[in-house]
Amino acid sequence: MPIAITSEHQDLADSVRSLLTRAVPSEVLHAAMDTPIQNPPPYWRAAAEQGLAGLHLAEEVGGQGFGILELAVVLAEFGYGAVPGPFVPSAIASALIAANDPAAAQLSGLAGGEVIASYTINPGLTGTVTGSGLVIRGEARAVAAAAQASLLVAPVAVDGTEVWVVLPADQLAIEPVASVDPLRPIAHVRADGVTVDDAAVLRNLTAARAHALISTLLSAEAVGVARWATDTAADYAKIREQFGRPIGQFQAIKHKCAEMIADTERATAAVWDAARAIDEANENGWDAVGSTVQFATAVAATLAPSAAQHCTQDCIQVHGGIGFTWEHDAGVYYRRALILAASFGSRGAHP
């Protein structure tokens with residue numbers, strides 16, 4: 001069962017997968033492992049023209065007016081394709097800004113793909129209220145796509161409370177560092193007295209709501225990774241022969257593939273439920289269903305990254321010696337699974 005379970009969502013998933021199959025084939029992934037990723041990457045304009053960058057944003061800012069569930073369908077396909085570049089971090093950052101104000105000025109550029117954004121959940125930035133605005137100092141480490149983004153959405157500690165702020169990247173010191181997944185580059189971000197006005201402070205975005213959005217959308221990408229690994233392992237087990245018969249007929253391989261399917265299905269169902277809960281909260285008010293959202297997103301964040309890691313590991317095992325080579329895609333997806341698991345942050349980072 002994919003996240004897309006209605007005919008409309010299935011059509012959306014099919015159109016996204018068709019785009020990514022054409023624009024980001026396997027050879028592009030392997031080439032990007034060894035060379036710097038273009039900014040924006042070659043598929044970016046096509047994705048923006050298809051309306052994917054603003055799918056979840058309001059029509060008044062140039063978006064498509066759909067919800068988080070539709071965005072989760074799209075991000076699962078980006079996970080299935082292990083798509084390089086900043087699309088997923090930018091989509092999450094725009095969802096955070098829209099959660100504070102659906103008509104925020106920054107969203108127009110994000111909806112059309114002209115602006116790239118990113119986000120971090122890592123602590124390290126502190127703010128001081130002054131007459132000229134909020135003055136921010138500190139460092140956030142290992143921020144995905146920070147070097148590719150124009151805007152950064154980040155939590156800032158102000159007088160013992162956490163507020164979320166949109167920071168201009170050109171006022172930050174950004175230090176790219178090696179990433180376990182070269183297709184998802186990271187950087188350390190330092191602020192040395194960056195002053196932002198009140199319009200940059202996302203006062204309507206609570207920590208619980210921010211973490212719910214981040215966890216659910218990262219989980220959507222993770223189930224796409226898990227599903228690719230499951231499909232690829234099962235397909236290989238049908239055609240690879242040992243001792244005169246397909247390896248899928250051997251009990252050890254059969255059980256491994258069955259466990260991969262079960263892990264992926266559980267995680268997919270959890271992500272669908274979390275995305276649906278967020279959309280319901282957006283319609284009916286977070287005060288009414290906040291505990292339901294928190295539980296659903298916590299389940300998704302528990303199951304999805306684990307499924308991505310286990311399934312990519314098992315995919316390598318099913319492929320035997322070829323699975324351990326640089327030439328095979330399994331290693332690309334395993335690296336994506338690792339960086340995704342790290343992107344959820346520590347348990348203490350979640351409310």
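These figures come from a predicted structure and were not determined experimentally. Positions are given from 1 along the sequence.
- Residues A274 and A300 come closest through the heavy atom pair CB-CB, 4.1 Å.
- Taken from CG in L202 to CD1 in I97, the straight-line distance is 6.5 Å, to the nearest 0.5 Å.
- Atom CG in D329 sits 6.5 Å away from atom CG in L29 (nearest 0.5 Å).
- Using modelled atom types, one finds a donor on one side chain and an acceptor on the other under 3.5 Å when comparing S94 with H56.
- Taking the six-membered ring where the residue is Trp, H211 and W164 present perpendicular rings, their angle passing 60° and hence far from 30°.
- One hydrophobic cluster, built from ILVMFWY side chains closer than 4.5 Å, cannot hold both V332 and I339; they sit in different ones.
- Judged by distance alone, the side chain of Y43 and the main-chain N or O of P84 form a donor-acceptor pair under 3.5 Å.
- Rounded to the nearest 0.5 angstrom, D231 CG and M260 CE are separated by 9.0 Å.
- Side chain of D314 to backbone of K256: no donor-acceptor contact under 3.5 angstrom is found.
- Heavy atoms of other residues, nucleotides or ligands lying less than 6.0 angstrom from CD of Q251 number 12 at most.
- Closest non-hydrogen pair, R22 versus P25, comes out as O-CD, 3.7 Å.
- Of all non-hydrogen atoms in E139 and H188, the two that sit nearest each other are OE2-CB, 3.9 Å.
- Counting only heavy atoms from C-beta outward, the side chains of P155 and T120 approach each other to under 4.5 Å.
- Counting all heavy atoms, side chain and backbone alike, S118 lies closest to A149 at N-CB, 3.7 Å.
- Rounding to the nearest 0.5 Å gives a distance of 9.5 Å between CZ of R141 and CG of N122.
- The closest donor-acceptor contact from the side chain of T297 to the backbone of Q294 lies under 3.5 Å.
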Pair R209, N282 - check side chain to side chain contact (heavy atoms under 4.5 Å, CB included), show working. CA-CA 10 Å; R209 191 171 182 180; N282 287 336; 2.9 Å; yes
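- A heavy-atom distance below 4.5 Å is not found between the side chains of V165 and L125.
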Dump the intermediate steps for side chain to side chain contact (heavy atoms under 4.5 Å, CB included) on I322 and T325, then the final yes or no. CA-CA 5 Å; I322 192 175; T325 65; 4.2 Å; yes
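- Between C257 atom SG and Q317 atom CD the span is 12.0 Å, to the nearest 0.5 Å.
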Does the pair H319 and T232 meet the rule for a side chain to side chain contact (heavy atoms under 4.5 Å, CB included), with working shown? CA-CA 9 Å; H319 281 79; T232 303; 3.6 Å; yes
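- No side-chain heavy atom of V88 sits less than 4.5 Å from a side-chain heavy atom of L217.
- Atom CG of N39 is surrounded by more than 12 heavy atoms from other residues, nucleotides or ligands within 6.0 Å.
- Under the 4.5 Å side-chain heavy-atom criterion for ILVMFWY residues, a single connected hydrophobic cluster contains both Y119 and L340.
- Between the side chain of S18 and the backbone N or O of D14 there is no donor-acceptor pair closer than 3.5 Å.
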Working note: S132 + T195, criterion side-chain hydrogen bond (donor to acceptor under 3.5 Å, both in side chains); need CA distance, chi angles, decisive distance, verdict. CA-CA 8 Å; S132 56; T195 301; 4.7 Å; no
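- Note that the CH2 atom of W286 and the CG atom of N204 stand 13.0 Å from one another [nearest 0.5 Å].
- Surrounding CG of D170 are more than 12 heavy atoms belonging to other residues, nucleotides or ligands, all under 6.0 Å away.
- Put simply, the side chain of S15 gets close to the backbone of L12: a donor and an acceptor are under 3.5 Å apart.
- The shortest side-chain heavy-atom distance between R203 and D198 falls under the 4.5 Å cut-off.
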For residues 63-78, tabulate all N or O donor-acceptor pairs below 3.5 Å that involve a side-chain atom, not counting sequence neighbours.
residue, atom, partner, partner atom, Å
E70, OE1, G67, N, 2.9
E70, OE2, H9, NE2, 2.9
E77, OE1, R17, NE, 2.7
E77, OE1, R17, NH2, 3.2
E77, OE2, R17, NH2, 3.3

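- Taking all atoms of both residues into account, the shortest heavy-atom contact from S179 to P185 is CB-CA, 4.2 Å.
- Using modelled atom types, no side-chain atom of S306 and backbone atom of L303 make a donor-acceptor pair closer than 3.5 Å.
- Put simply, the side chain of I116 reaches to within 4.5 Å of the side chain of W44, judged on heavy atoms.
- Each of L110 and V201 belongs to its own hydrophobic cluster when Ile, Leu, Val, Met, Phe, Trp and Tyr are linked at side-chain heavy-atom distances under 4.5 angstrom.
- The two residues A222 and A308 make their nearest non-hydrogen contact at O-CB, 3.6 Å.
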Verify side chain to side chain contact (heavy atoms under 4.5 Å, CB included) between C311 and Y333, making sure each step is shown before the conclusion. CA-CA 10 Å; C311 290; Y333 283 82; over 6 Å; no
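- By the 4.5 Å heavy-atom criterion applied to side chains, P246 and K238 are not counted as neighbours.
- When the side chains of ILVMFWY residues are joined at heavy-atom separations under 4.5 Å, either directly or via intervening members, L57 and V115 end up in a single hydrophobic cluster.
- Side-chain atoms of S90 never come within 3.5 Å of backbone atoms of P86 as a donor-acceptor pair (strictly under, hydrogens ignored).
- Considering only heavy atoms from C-beta on, L218 comes within 4.5 Å of F344 through its side chain.
- Using a 4.0 Å cut-off between charged nitrogen and carboxylate oxygen, D273 and R276 count as a salt-bridge pair.
- No continuous path of hydrophobic side-chain contacts links I239 to I316 [ILVMFWY only; heavy atoms under 4.5 Å].
- Using a 4.5 Å heavy-atom cutoff, the side chains of R335 and L183 are not in contact.
- Checking side-chain atoms of S215 against main-chain N and O of A212 turns up no donor-acceptor pair under 3.5 Å.
- The residues K254 and E259 are annotated as not salt-bridged, no charged nitrogen and carboxylate oxygen being separated by less than 4.0 angstrom.
- Note that R245 lies in the cation-pi zone of F250, set by a 6.0 Å cut-off to the ring centre and a 45° limit from the axis.
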